[in-house]
Each structure stands twice: as C-alpha cells, then as structure tokens.
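Residue indices begin at 1 and follow the sequence shown.
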Amino acid sequence: MKYIVCTTPGKLEMKERSDVIRQPNEALLAIRKVGVCGTDLHAFAGNQPYFSYPRILGHELAADVLEIGPNLENIKVGDKVVPIPYISCGNCIACRNGKTNCCTNIQVLGVHIDGGFQENFSLPTELLLPSNHLSYDQMTIVEPLAIGAHAVRRSALNEGEFVVVMGCGPIGIGIIQFAQLRGAKVIAVDIIEERLQFVKEHLGVNYIINGSKDPIDQVNEITKSDRADAVFDATGNKQAVESGPDYMAHGGRFVLVGLSNERLSFSHPAIHAKEATLMCSRNATKEDFKYVMDILSQDLFPVESYITHRVSFAKMIENFESWLDPKNGVIKATIDFN
C-alpha cells in the first residue's frame, strides 16, 4: 500500500507498507479522492499550529468501503462514504454538550494523527456517512463546506441581514454560499481580485470589495453606515482579523473561522460600545456534514468551478508546492486515486 508523508516542512515522500488491518469497530476504506486543505498547505510550509512531523496529511476524503461489520448506518461493502475526520472522546464537557467539533481531546486526521493521503485507510464506522447519492467530487468537498456551514449556523443569521466575509478562499466561499441560502446580503472582501470575481460570477454575490481600497468606506456606503450584522473572518491573517470589528454594526457578531498563529489585539472601548459578540467557529458536526450533503445533492453549489486543480496520486508530490502560490489561482486542488 502506497502513502505520502510530510516528513519535515517542505518535504513530501511516497512510501510503501503492508496492508492496513481493520479493527472490529472499523471499516477498511479505499480512498478514491482527497481534497487539499489550507491546513495541509500550512503544515507543508511549516506554519500550522497543533502539528508535528512526520505526518500523513489529508482529511477531505471520498472513499469506498472494502470491509465493514454491523453498523448503525447500515453501510455495506461497496458503498461510497464521506468520513468525518474529527475523532472525539465522547466524554469531555464539549462532547457531553454535543460539541464534538471542539472536543478537549480531539484528534483531526492529517493533523494530530495520520490522514488520508494513502491508498487504504481504516476508520471507526461511527465516523462514516453513506454517500452513494453523491459524486466523488461532491464527497471530497463536504468537509471544507461543512466548516463554512457550521460557522453560519453558529452566527444565527437572519434573512435580510448584511454580512461581511473576509477572505474568498475555499472556506470563505462556503460561508458566502450558506449565508446567501439563509437570505443574508453578503459583502465579500479579499485582496485577490480573481477570487472576488469568482464569487461574483459563480455565487452571484452582489457586493465585492477589494480589501486594499478603503473597504470600511465601501461597507458604510453599501449599508447606509449601519455596517454588517455579522462579520466572518476566513483568512486567519492577523491584520485582517484585527480589522473585523470595524466592519461590524452595533449589536453585531464577529465570527473567527480562520486560524491565526499569533496573539490578537482589539480595542476594548470599540467592541464594548457595540456590545459585540465575539465567537470562534472550529471544525463542524455531523449535523453540518449532513446539511452540506443535502445542499450538494440539490446542486446548490458550483462544484466544478470550486475544484480548480486536479492531479493523480502519483503526481501529487511534484505539484503540491505550486498550490501555495496565489498566482496559480488555486481554490481547491484534489488528488485522484483511481
């Protein structure tokens, strides 16, 4: 069985080992397609917190079942499945409150433990969602879209509210689409013009703003100086995150989705005056995964446009570093194992 491991920052190696052995509570999977996440790219570049080397990356997975025992979802050999890549303990306060996405002992595939850049993989059956109604392309993007869906659900958006989404990368695109499905009026902000044009063309966003050109003034103009009821950061960039409250209306919400590896500073008088709600959004729950799968089954997301780069498993290593360069126009790269 072949697999690709990130041995040190900036270095990937393809290796071989004997077949994976399935435990009684697990299913043996054949990985068919994997999406490349920003987390994978940051880990490769050496700037991902929560990470140690060597590590097999990959957690946006589409798979077929090779072996499986009795299970609650009635999944059978040959079925297509989307794995939920977050292994939670089930016992901590977060898990007891249904917030398995932020379990105190969480292990994320490809981050804390080895992930899916391997031909065969064994996972607990409770992490698998039946996906025979979806294509492999659709299955591969369920996880990143679920992160956006979870953030929007946490924000409790109402129809007609103004929303600012900072960052039109893979996660920001999901936030934008799910906010629009709730009837929100989205203002997309990015400094990469090609990404702004993408969300305008493929998602129908009415308001796009280049973040390098007086963005606060433009938000004021759009909202008649009310500013946004909810602001989402999908960049993880310190400067962008710290500017988030400036876009926010009095009584608004600021949701941090992107992950910064730095300390953040906000003016307390400024956020206190607005009675701001500051919240973080981490990962997603099974509820979010199922919601996204339903949206995809209704063709309510531009899958073909979202996946911009495709390579085979054999050619992944030679292409991987190029996906770090914004000039290459990567939104979502995928790896085909077939």
Taking everything shown except [X] itself, do over 12 heavy atoms lie less than 6.0 Å from its [atom1]?
{"X": "Glu321", "atom1": "CD", "result": "no"}
{"X": "Glu67", "atom1": "CD", "result": "yes"}
{"X": "Glu159", "atom1": "CD", "result": "no"}
{"X": "Lys200", "atom1": "NZ", "result": "no"}
{"X": "Lys99", "atom1": "NZ", "result": "no"}
{"X": "Glu275", "atom1": "CD", "result": "no"}
{"X": "Ile56", "atom1": "CD1", "result": "yes"}
{"X": "Leu264", "atom1": "CG", "result": "yes"}

Are [X] and [Y] joined in one hydrophobic group, where the rule is that I, L, V, M, F, W and Y side chains link up if heavy atoms are under 4.5 Å apart?
{"X": "Tyr136", "Y": "Ile307", "answer": "yes"}
{"X": "Ile187", "Y": "Val165", "answer": "no"}
{"X": "Val257", "Y": "Leu278", "answer": "no"}

If you measure from [atom1] on [X] to [atom2] on [Y], what distance do you get to the nearest 0.5 Å?
{"X": "Asp79", "Y": "Leu129", "atom1": "CG", "atom2": "CG", "answer": "12.5 Å"}
{"X": "Thr39", "Y": "Leu57", "atom1": "OG1", "atom2": "CG", "answer": "9.5 Å"}
{"X": "Ser243", "Y": "Phe266", "atom1": "OG", "atom2": "CZ", "answer": "9.0 Å"}
{"X": "Ile317", "Y": "Ile4", "atom1": "CD1", "atom2": "CD1", "answer": "4.5 Å"}
{"X": "Met248", "Y": "Asp229", "atom1": "CE", "atom2": "CG", "answer": "11.0 Å"}
{"X": "Met139", "Y": "Asp137", "atom1": "CE", "atom2": "CG", "answer": "10.5 Å"}

| request: Report the residue from Arg195, Glu201, Glu193 that forms a side-chain hydrogen bond (donor to acceptor under 3.5 Å, both in side chains) with Gln197. | output: Glu193
| task | Please name all residues satisfying salt bridge (Lys or Arg N to Asp or Glu O under 4.0 Å) with Lys15, sequence neighbours left out, ordered by chain then number. | result | Glu13
Donor-acceptor contact present, side-chain [X] to main-chain [Y], <3.5 Å:
{"X": "Lys2", "Y": "Gln118", "answer": "no"}
{"X": "Tyr53", "Y": "Cys6", "answer": "no"}
{"X": "His112", "Y": "Val108", "answer": "yes"}
{"X": "Lys274", "Y": "Pro245", "answer": "yes"}
{"X": "Asn328", "Y": "Val330", "answer": "no"}
{"X": "Glu194", "Y": "Gly329", "answer": "no"}
{"X": "Asp233", "Y": "Leu256", "answer": "no"}
{"X": "Arg310", "Y": "Thr334", "answer": "no"}
{"X": "Asp214", "Y": "Asp217", "answer": "no"}
{"X": "Arg227", "Y": "His250", "answer": "no"}

Contact summary for [X] and [Y], nearest pair of heavy atoms:
{"X": "Ala184", "Y": "Leu157", "result": "CB-CD1, 4.1 Å"}
{"X": "Ile68", "Y": "Ile75", "result": "CG2-O, 3.6 Å"}
{"X": "Ser155", "Y": "Val255", "result": "CB-CG2, 4.0 Å"}
{"X": "Gly116", "Y": "Val34", "result": "O-CG2, 3.6 Å"}

If you define the side chain from C-beta out and look only at heavy atoms, does anything of [X] sit under 4.5 Å from [Y]?
{"X": "Met166", "Y": "Tyr247", "answer": "yes"}
{"X": "Val241", "Y": "Asn237", "answer": "no"}
{"X": "Glu26", "Y": "Leu123", "answer": "no"}
{"X": "Pro302", "Y": "Leu203", "answer": "yes"}
{"X": "His59", "Y": "Cys37", "answer": "yes"}
{"X": "His150", "Y": "Thr285", "answer": "yes"}
{"X": "Asp288", "Y": "Asn101", "answer": "no"}
{"X": "Pro85", "Y": "Leu61", "answer": "no"}

Between [X] and [Y], is any side-chain donor less than 3.5 angstrom from a side-chain acceptor?
{"X": "Ser212", "Y": "Asn210", "value": "yes"}
{"X": "Asn319", "Y": "Ser322", "value": "no"}
{"X": "Tyr86", "Y": "Glu143", "value": "yes"}

| query | Partners of Phe162 by ring pair (Phe, Tyr, Trp, His ring centres under 6.0 Å), sequence neighbours excluded? | reply | none
| Residue list, side-chain contact (heavy atoms from CB on, under 4.5 Å) with Gln218, at least two apart or on another chain | Ile209, Lys213
| task | Begin with the C-alpha distance, continue with both residues' side-chain angles, and end with the deciding distance and a verdict on side chain to side chain contact (heavy atoms under 4.5 Å, CB included) for Met293 and Leu134. | result | CA-CA 8 Å; Met293 292 168 71; Leu134 300 178; 4.0 Å; yes
| task | Starting from the C-alpha separation in whole Å, work towards a yes-or-no answer on side chain to side chain donor-acceptor pair (under 3.5 Å) for Ser297 and His133. | result | CA-CA 7 Å; Ser297 70; His133 59 303; 5.0 Å; no
| query | In this structure, which one of Phe178, Tyr306, Tyr291 forms a ring pair (Phe, Tyr, Trp, His ring centres under 6.0 Å) with Phe301? | reply | Tyr306
| query | Taking it one step at a time, do Lys33 and Asp336 satisfy salt bridge (charged side-chain N to carboxylate O under 4.0 Å, His left out)? | reply | CA-CA 5 Å; Lys33 196 176 186 77; Asp336 292 303; 2.4 Å; yes
| Step-by-step side chain to side chain contact (heavy atoms under 4.5 Å, CB included) determination, Leu259 to Arg282 | CA-CA 9 Å; Leu259 180 61; Arg282 186 183 187 193; over 6 Å; no
| field | Parallel, tilted or perpendicular: rings of Phe337 and Phe313 (30°, 60°) | value | parallel
| query | Relative to the ring of Phe198, is the ring of His202 parallel (under 30°), tilted (30 to 60°) or perpendicular (over 60°)? | reply | tilted
| request: Kindly indicate, with the supporting measurements, whether the criterion side chain to side chain contact (heavy atoms under 4.5 Å, CB included) is fulfilled by Phe320 and Leu41. | output: CA-CA 8 Å; Phe320 200 87; Leu41 296 172; 3.8 Å; yes
| request: Evaluate side chain to side chain contact (heavy atoms under 4.5 Å, CB included) for Leu29 paired with Arg32, printing each intermediate quantity in order. | output: CA-CA 9 Å; Leu29 307 177; Arg32 297 306 185 197; over 6 Å; no
